[in-house]
Every structure is written in structure tokens, then in C-alpha cells.
Amino acid sequence: MGTPDFIRELRATAGHQLLFLPGVSAVVFDDRGRVLLGKRADNGRWALVGGIVDPGEQPADAVVREVFEETAVHCVPERIVLVETLRKPVVYPNGDICQYMDVAFRCRAVGGEARVNDEESTEVGWFDVDALPEMKRFSYLRIEKALADEPTWFRTTANG
């Protein structure tokens with residue numbers, strides 16, 4: 001779906017200045033234990049599915065919406081695996097600057113056929129966890145935490 005309307009409205013008055021935004025990412029597993037990934041249209045890299053939480057939207061609802069919008073897969077959030085403010089702001093080609101606070105969910109696929117379902121991805125696919133494509137550390141960390149039977153991970157100034 002690209003940039004949400006509420007961000008466009010903010011940008012009309014805020015210009016390119018830094019916006020701090022809530023985001024969600026989904027580590028979606030199918031019944032064979034494979035992970036759902038999309039190849040991003042903006043940078044050509046494989047990544048987890050994710051996006052921006054709309055005003056008033058619950059993060060768990062946002063993750064379900066984003067997964068369906070981008071991949072046509074229906075999923076159910078099972079647990080939060082990670083909460084983290086990303087260290088560096090993202091500077092977009094048009095000059096917009098955003099910094100994201102990400103809530104990552106472990107999700108279970110419950111229906112739909114994985115396919116490109118909007119303009120944000122050029123490919124979508126299921127991957128065995130021992131045969132993942134090259135991705136940014138962001139995605140690997142979330143997959144690692146989703147596979148672990150541990151409490152929710154969060155970054156503090158003490159751990160890093």
C-alpha cells in the first residue's frame with residue numbers, strides 16, 4: 001500500500017523532518033516451519049513483512065493487515081518476540097526522515113496463497129529457516145527470537 005494517508009498529511013506540514021513512527025514486523029511460519037518473506041520493491045532485498053501502525057490501530061491488527069496486504073496470506077499473531085527502536089533513522093530518496101519503534105510478532109499462517117499482493121514486493125515466498133536468503137540483520141534477529149522459547153526481547157542501553 002505504500003505510504004499511509006496520515007503520513008502524507010503529516011508531511012504536508014512537517015516537511016521532511018524526523019517522524020517517530022510505530023511499526024510492526026511479522027515472522028510468519030507455515031505448517032512446515034517455513035518463514036514468509038517478501039522481496040522489497042524499493043531496495044530489491046528479501047525481508048520480513050511489516051509496516052506502519054495506523055492511528056488507533058492495535059499492533060496485532062496491524063501485523064495481520066500488513067501480511068495480508070503484501071502477501072495475501074492470512075495469519076494469526078501468537079506472541080510478541082521483540083520490541084526495539086531502530087538505532088538509525090531512515091532517510092528516504094525524497095528526503096523524508098523516519099525512525100521506527102518496531103514490535104515484532106511470531107505469527108502462524110492460517111490461509112491464503114502466498115503471492116505478491118501489492119506494489120511493495122516484487123516476489124513473495126516461503127523459506128526453510130536453514131536456507132534463508134541474504135537479508136539485513138533486522139530480519140535475522142527477529143526470526144532468531146521467534147524460534148526461541150524465551151521471553152520477549154527488548155533493547156536497552158545496557159544490552160546494546
Side-chain angles (χ1 to χ4, degrees), residues 1-29 35-109 112 114 116-124 132-146 151-160:
M1 178 173 174
T3 304
D5 290 338
F6 84 94
I7 300 292
R8 288 181 196 174
E9 292 170 17
L10 278 171
R11 287 290 180 206
T13 57
H16 299 299
Q17 72 179 312
L18 174 68
L19 296 181
F20 184 70
L21 298 170
V24 291
S25 54
V27 183
V28 182
F29 292 104
V35 136
L36 180 65
L37 301 174
K39 193 169 198 181
R40 296 178 56 99
D42 61 353
N43 64 17
R45 298 186 75 156
W46 287 99
L48 295 172
V49 175
I52 297 170
V53 180
D54 289 334
E57 185 178 34
Q58 294 299 323
D61 294 332
V63 82
V64 168
R65 175 183 53 77
E66 287 288 345
V67 169
F68 183 76
E69 283 178 359
E70 295 182 29
T71 70
V73 169
H74 296 281
C75 71
V76 174
E78 295 181 324
R79 67 183 174 95
I80 294 173
V81 298
L82 176 150
V83 177
E84 174 184 37
T85 295
L86 303 186
R87 290 179 186 210
K88 293 183 180 179
V90 176
V91 180
Y92 291 96
N94 68 354
D96 288 351
I97 306 168
C98 297
Q99 188 169 22
Y100 296 96
M101 192 273 303
D102 182 57
V103 178
F105 288 83
R106 177 187 168 109
C107 300
R108 179 175 34 90
V116 173
N117 205 36
D118 69 8
E119 74 284 352
E120 293 186 54
S121 301
T122 59
E123 295 179 58
V124 169
L132 295 170
E134 185 178 330
M135 298 181 289
K136 290 186 175 184
R137 175 150 169 64
F138 175 99
S139 292
Y140 292 122
L141 177 62
R142 282 146 181 77
I143 294 167
E144 172 191 324
K145 297 302 180 187
T152 301
W153 183 89
F154 50 90
R155 184 177 305 281
T156 67
T157 52
N159 72 4

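Everything quoted here is computed from the prediction, not taken from an experiment.
Contact record, E70 with S121: OE1-OG, 4.3 Å, taken as the closest heavy-atom pair. Smallest separation of non-hydrogen atoms from V67 and V28: CG2-CG2, 3.9 Å. Residues Y140 and E134 share a closest heavy-atom pair of OH-CA, 3.3 Å. Nearest heavy atoms, S25 versus V63: O-CG2, 3.7 Å. When every heavy atom of A104 is checked against every heavy atom of R142, the shortest pair comes out as CB-CG, 3.7 Å. A pairwise comparison of heavy atoms in T3 and R8 identifies O-NH2, 3.0 Å as the closest pair.
When side chains are defined from C-beta on, V103 does not count as touching P22, because their heavy atoms never get closer than 4.5 Å. The shortest side-chain heavy-atom distance between V73 and L36 falls under the 4.5 Å cut-off. Side-chain contact between K145 and V27 is absent, with no heavy-atom pair separated by less than 4.5 Å. The side-chain heavy atoms of N94 and Y92, taken from C-beta on, include a pair separated by under 4.5 Å. Contact annotation: the side chain of F105 approaches that of P59 to within less than 4.5 Å [non-hydrogen atoms, C-beta and beyond]. A 4.5 Å side-chain heavy-atom check between L18 and F20 finds every atom pair outside the cut-off. The shortest distance between side-chain heavy atoms of L37 and P133 falls below 4.5 Å. No side-chain heavy atom of W46 sits less than 4.5 Å from a side-chain heavy atom of L132.
For the atom pair R155 CZ and M101 CE, the distance stands at 14.0 Å (nearest 0.5 Å). Put simply, CZ on F138 and CG on L82 are 8.0 Å apart, with the number rounded to the nearest 0.5 Å. Interatomic distance, D42 CG to E120 CD, rounded to the nearest 0.5 Å: 8.0 Å. We find the SG-CD distance between C75 and E66 to be 10.5 Å, quoted to the nearest 0.5 Å. Taken from NE2 in H16 to SG in C98, the straight-line distance is 11.5 Å, to the nearest 0.5 Å. Note that the CG atom of D54 and the CD1 atom of I7 stand 8.5 Å from one another [nearest 0.5 Å].
In this structure, the side chain to side chain donor-acceptor pair (under 3.5 Å) partners of N117, at least two apart in sequence or on a different chain, are R115. For the salt bridge (charged side-chain N to carboxylate O under 4.0 Å, His left out) test, residues two or more places apart in sequence or in another chain that qualify with E78 are R106, R108.
R65 contributes no side-chain N or O that, together with a main-chain N or O of A60, makes up a donor-acceptor pair within less than 3.5 Å. Of the possible polar contacts, one joining the S139 side chain to the L48 backbone as a donor-acceptor pair under 3.5 Å is found. Between the side chain of R11 and the main chain of G15, a donor-acceptor pair closer than 3.5 Å is present. Within the 3.5 Å criterion, the main-chain N or O of L10 finds a donor-acceptor partner in the side chain of T13. Put simply, the side chain of Q99 gets close to the backbone of L86: a donor and an acceptor are under 3.5 Å apart.
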Next on the checklist: T85 vs Y100, test: side-chain contact (heavy atoms from CB on, under 4.5 Å). Steps then yes/no.
Outcome noted: CA-CA 6 Å; T85 295; Y100 296 96; over 6 Å; no
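When each of V53, I52, V49, V64 is paired with V24, the side-chain contact (heavy atoms from CB on, under 4.5 Å) condition holds for V53 and for no other.
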